[in-house]
Amino acid sequence: MATAVSGQQPLVREEPESTPAQRKEATSTEERRAADLRDRRLVRRLRQGDQRAFEELVRLYQNRIFGLMLRMIGNRQEAEDLAQEVFITLHRAIGQYRGEGRFYTWLYRIATNTCKNRIKYLRGRNFHRSVPVEDTPEAHDPGEGGPAVRLQGQVAGPEAMAEGTRLQSAIQRELAQLDPEHRLLIILRDIQGLSYQEILGITGLQEGTLKSRLHRARIALKDRLAPYLE
Amino acid sequence: MPAAKDTSAELMSAYLDAELAADDAAAFEEQLAHDPDAQSEFEQLRKVVSLVSSLPEVQAPPDFYEKVSKRVRRRQLFASEGMWGLVSLPFQVLSIIVILTVAALYMMAQLEQQPTAIERETVVLPAAPGSAPAEGGPTAIRP
């Protein structure tokens, strides 16, 4: 670190430990363009009443939307219900999507609004998270390509695995204690790997506000995780 | 130090995310190089971001689409047929049969009661003069 900061080489270029968010962001422009094109075609077909297009869209985005809900709410049943609600809204309101901006930014906007409304409602009912995210076996099911990175994967041996699991649980627990606005930004940026531009499109924040709010969110999480990192 | 604090607030996360322009990144590195406290905070922050980023991806339940599709169909049915969309066809038919049966039974009960009423009306008819009926006996019906 000291060497990097000493000015011999820029930190970013020398950084060997790029975060998954950075790696995800490094997805080529070509791939993004292809994904946008695919989404646009699916949306066009859905508008014409093609239910198979709807199925494709759901299957494409269900993990991301469900993941967002689960990290935000912390309860699997509630998260599933909310994620379903998002896709039902998508089906109903697809006519309102004018094709300006990327489709999944629009979908995420529906998801974040749905989530915020539910959090307000649950607060009113004094809702408590009943099933911690990391305690459910489904939380560890690998997807098609498997999880991008696992804490357990960084270290070897049962003790290290147990330590990794303990840290994961701690992170989720402390994440759940953050202000919902802060939690949302950390999930979108650090867990789901969205770019600043995408987050701006979803949240409607100004760039400066996003930067400072994301930083405050990370500092808050760092302070909460301090006992686990010593 | 205040400058470093400003740097932390405004630039540290953006630098960590490689979201700074080259000039801003160079300026940030320069500031960081002269501030051990900021360096320490930067390292801690990077560690936290790395840990959070390493959380496993969550998978939706395998039957997620089927559940969504079912709810969408139910809503469409409700929207197109109103309340009837909520109930199945056999239940609708059964409901109609029950309603018709109850109505028929009610009408039959009414019809059975009607002759009695006529009889009672007949009883209170005044008798013809000179032919007083026996007390408590049946009323003679005049043609």
Side-chain angles (χ1 to χ4, degrees), chain A residues 1-2 4-7 10-12 17 19-22 25 51 54-55 58-59 62-63 65-67 70-71 80 83-84 87-88 91-92 133 138-143 147-151 154 167-168 171-172 175 186 189-191 193 196 208 211-212 214-216 218-219 221-222 225 229, chain B residues 5-20 22 24-36 38-76 79:
Chain A
M1 174 69 192
V5 177
S6 65
L11 262 175
V12 174
E17 289 180 37
T19 65
Q22 286 170 326
E25 197 182 331
Q51 291 308 303
F54 179 60
E55 179 176 353
V58 172
R59 293 197 192 280
Q62 63 181 17
N63 288 342
I65 298 298
F66 177 69
L70 190 55
R71 298 286 179 203
E80 187 181 345
Q84 287 176 12
F87 287 106
I88 290 167
H91 190 274
R92 196 182 59 229
V133 175
E138 296 91 336
H140 301 285
D141 282 350
V149 180
R150 281 174 183 259
L151 284 176
Q154 297 173 355
L167 259 177
Q168 283 181 2
I171 292 167
Q172 179 59 38
L175 190 61
I186 287 186
R189 175 62 202 174
D190 296 336
I191 298 180
Y196 278 26
K211 283 179 181 172
S212 59
L214 178 61
H215 183 70
R216 283 202 301 274
R218 284 170 170 170
I219 292 289
L221 187 61
K222 175 178 77 70
L225 287 174
L229 299 176
Chain B
K5 291 293 178 196
D6 288 347
T7 300
S8 296
E10 301 295 328
L11 303 176
M12 195 175 278
S13 278
Y15 180 82
L16 200 59
D17 294 329
E19 290 277 354
L20 286 184
D24 293 335
F28 174 78
E29 286 164 12
E30 184 66 25
Q31 284 182 315
L32 205 59
H34 297 100
D35 188 340
Q39 284 178 30
S40 170
E41 184 166 346
F42 179 80
E43 270 307 308
Q44 288 177 357
L45 206 59
R46 187 173 62 175
K47 191 173 180 183
V48 167
V49 170
S50 179
L51 283 173
V52 173
S53 306
S54 303
L55 284 174
E57 288 178 1
V58 180
Q59 303 292 311
D63 59 347
F64 183 82
Y65 170 72
E66 284 70 27
K67 287 179 181 171
V68 172
S69 176
K70 199 174 171 184
R71 284 179 66 177
V72 165
R73 279 200 305 271
R74 203 181 303 159
R75 287 198 174 210
Q76 283 176 331

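In this text the structure is predicted, and so the values were computed from the model without any measurement. Convention: sequence-line order gives letters A, B, ...; per-chain numbering from 1.
Salt bridge B:Lys67/A:Glu80: present, at least one basic N to carboxylate O contact under 4.0 Å. Salt bridge annotation for A:Arg59-B:Glu66: present, with a cationic side-chain nitrogen under 4.0 angstrom from a carboxylate oxygen.
For chain B, the nearby part of A:Arg92 is the side chain; its heavy atoms alone come within less than 4.5 Å. With a 4.5 Å cut-off on non-hydrogen atoms, A:Arg218 touches chain B through its backbone and its side chain both. Of the two parts of A:Ile219, the backbone and the side chain both hold a non-hydrogen atom closer than 4.5 Å to a non-hydrogen atom of chain B.
Listed by chain and residue number, nothing satisfies the ring-ring contact (aromatic ring centres under 6.0 Å, His included) test with B:Tyr65 (two or more places apart in sequence, or in another chain). Not counting sequence neighbours, the partners of A:Phe87 by the ring-ring contact (aromatic ring centres under 6.0 Å, His included) test are B:Phe64.
With respect to chain B, the highest number of heavy-atom pairs below 4.5 Å among A:His91, A:Glu55, A:Gln62 belongs to A:Glu55.
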